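To keep things clear, I will list the structure first and then write my remarks on it.
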Number of protein chains: 2
Amino acid sequence: MALEHALLVSLSEQPASGLELNRRFERSIGRFWQATHQQIYRVLTRMEAAGLVASHTVEQHGTANKKVYRVTPAGTTFLSTWLAEPAEPEPIRSDLAVKMRGASFGDIERVLDVIERAAEEHRQRLENFRAMCARNYPDPSALSGLELDQYLVLRGGILGEESYVAGLREYLTAHGRETP
Amino acid sequence: MALEHALLVSLSEQPASGLELNRRFERSIGRFWQATHQQIYRVLTRMEAAGLVASHTVEQHGTANKKVYRVTPAGTTFLSTWLAEPAEPEPIRSDLAVKMRGASFGDIERVLDVIERAAEEHRQRLENFRAMCARNYPDPSALSGLELDQYLVLRGGILGEESYVAGLREYLTAHGRETP
DNA sequence: CACGGCATGTAACAAGTTACATGATTGG
DNA sequence: CCAATCATGTAACTTGTTACATGCCGTG
């Protein structure tokens, strides 16, 4: 499980409540780790029981109270240990690749429609990433530490999306579909 | 669940037993879908109960008998329907990205070692893919149908690995590590 | 006071992993 | 006979998803 570690990284950057973490995951962190709020709550509860994080309730004038979590020293140690462990290769699971490979067992034109639509979605996501990159990191050479790492992970996301889109275009072109 | 669909694609190409499917997944199909033999057996059992595949036992002179599965007409319809359904964006989960982003909360040099090692593994996987591509598809322009799709999915894997390695190198370079 | 947004959660399920069990046959 | 390989499976566990429940508060 690495949702634990992703939460520790995010909370190390800045303490937050469950829903705030969920929003962060939807926005920036979601590029490399996705999670629903239910799972975030469950894991936070478990981590608090294990002493990796601690919470305190914050009264809010406008709306409901929230439980803000921060990383404990034990949590920092735990994260630091995990960071130095070798990462085993991540399992690959791509619905789209299964569909491409199985296309001849279905209606090829409809599969191509599916691929085309996916390519369009990923092109938009790529534009999104590029815009974020240009907006948040106008001068990458000036970055260091935490910000540099955030920038580089975003760069990795951009490279990944570029190759993903390129692969889908190659598929569509080989099957005689024009790509914009 | 899409292991079901991956199995149907593989069995449509060629009937097979559970362990044979497992070997195929380790070799070629494993590029886009990974599964353990336990899970394959479980899913095959469920699919047979649902009428998507049928099995018959094959006596083998040398060793234990095996159960060979083939796709039923109901299975073909099921697969064809799924192929035409839009694919929702796949959840992204990358341990390595979490480590890169969290590097400043641990020992940066040891994190760089981890990244370097991962980069080396992926470089090897990339070489592997390229060799398979050159060996199995010496003349891509002559391909069509099933073989063309197999080639294109492999191409997608190559593009993905190339960008993955490029991202890791960018990270290492930005942190002052020489990359070979 | 009903509604929508914020905030936290429970319950049931689906999917995937890890560890172990079983039996048959071939080669040393 | 013992170890290795092929082949199929069970059980317990972890992880992630889906659907729903609850309460607070300010606005119209």
Side-chain angles (χ1 to χ4, degrees), chain A residues 1-8 11 15-27 29-30 32-50 53 55-69 82 87-95 98, chain B residues 1-8 11 15-27 29-30 32-50 53 55-69 82 87-95 98:
Chain A
M1 214 243 308
L3 175 53
E4 250 169 359
H5 307 111
L7 290 173
L8 284 173
L11 290 176
S17 71
L19 216 63
E20 282 164 355
L21 282 166
N22 187 229
R23 279 194 288 262
R24 283 191 205 165
F25 272 65
E26 275 169 9
R27 281 179 303 178
I29 302 176
F32 57 90
W33 205 274
Q34 270 173 244
T36 58
H37 76 106
Q38 290 85 344
Q39 215 201 329
I40 290 171
Y41 282 123
R42 197 202 302 180
V43 173
L44 280 175
T45 305
R46 195 206 310 153
M47 286 167 75
E48 187 166 29
V53 296
S55 70
H56 69 278
T57 303
V58 172
E59 313 256 329
Q60 292 185 115
H61 65 285
T63 176
N65 296 346
K66 62 182 178 180
K67 263 166 87 176
V68 173
Y69 291 85
W82 176 77
E88 64 260 45
E90 284 136 31
I92 302 167
R93 293 195 177 102
S94 168
D95 274 30
V98 176
Chain B
M1 216 241 310
L3 174 54
E4 250 169 359
H5 307 110
L7 289 173
L8 284 173
L11 291 176
S17 72
L19 216 62
E20 283 165 353
L21 282 166
N22 188 229
R23 280 195 287 263
R24 283 190 205 166
F25 271 65
E26 274 169 10
R27 281 179 302 178
I29 303 178
F32 58 89
W33 205 274
Q34 272 173 243
T36 58
H37 76 106
Q38 291 86 346
Q39 213 201 331
I40 290 172
Y41 282 123
R42 196 201 304 179
V43 173
L44 280 175
T45 305
R46 195 205 310 154
M47 286 167 76
E48 186 166 29
V53 296
S55 70
H56 69 278
T57 302
V58 172
E59 313 256 330
Q60 292 184 116
H61 65 284
T63 177
N65 296 346
K66 61 181 179 182
K67 262 166 87 176
V68 173
Y69 290 87
W82 176 77
E88 64 259 45
E90 285 136 32
I92 303 166
R93 293 196 177 100
S94 168
D95 274 30
V98 175

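Chain identifiers are assigned alphabetically (A, B, ...) following the order of the sequence lines, protein sequences preceding nucleic acid strands; residue numbering begins at 1 within each chain. No experiment lies behind these values; they were computed from the predicted model shown. Hydrogens, waters and symmetry mates play no part in the numbers below; they use all other heavy atoms, side chains included.
To the nearest angstrom, P of D/dG16 lies 10 Å from CG of A/L7. Atom CG in A/N22 sits roughly 14 Å away from atom P in D/dG16 (whole-Å rounding). One can place CG of B/D95 at 13 Å from P of C/dT17, the figure rounded to the nearest angstrom. Note: CG (A/L21) to C1' (C/dC6) measures 15 Å, nearest angstrom. Between the CZ atom of B/F25 and the C1' atom of C/dT17 there is a distance of 16 Å, rounded to whole Å.
Scanning for side-chain hydrogen bond (donor to acceptor under 3.5 Å, both in side chains) contacts around B/E90 gives an empty result, with sequence neighbours left out. Residues satisfying the side-chain hydrogen bond (donor to acceptor under 3.5 Å, both in side chains) test with B/S55, not counting sequence neighbours, are B/E48. Take A/A87 and apply the side-chain contact (heavy atoms from CB on, under 4.5 Å) test, not counting sequence neighbours, and it matches B/L96, B/K99, B/V114. B/K66 meets the side-chain hydrogen bond (donor to acceptor under 3.5 Å, both in side chains) test with B/E20; sequence neighbours excluded. Not counting sequence neighbours, the partners of A/T36 by the side-chain contact (heavy atoms from CB on, under 4.5 Å) test are A/Q38, A/Q39.
For the side chain to side chain contact (heavy atoms under 4.5 Å, CB included) criterion with A/K67, the lone passing option out of A/V58, A/L44, A/T57 is A/T57.
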Protein-proximity profile, nucleotides 7-15 of chain C, B/S/- by nucleotide at the 4.0 Å heavy-atom cutoff, equals BBBB-B--S
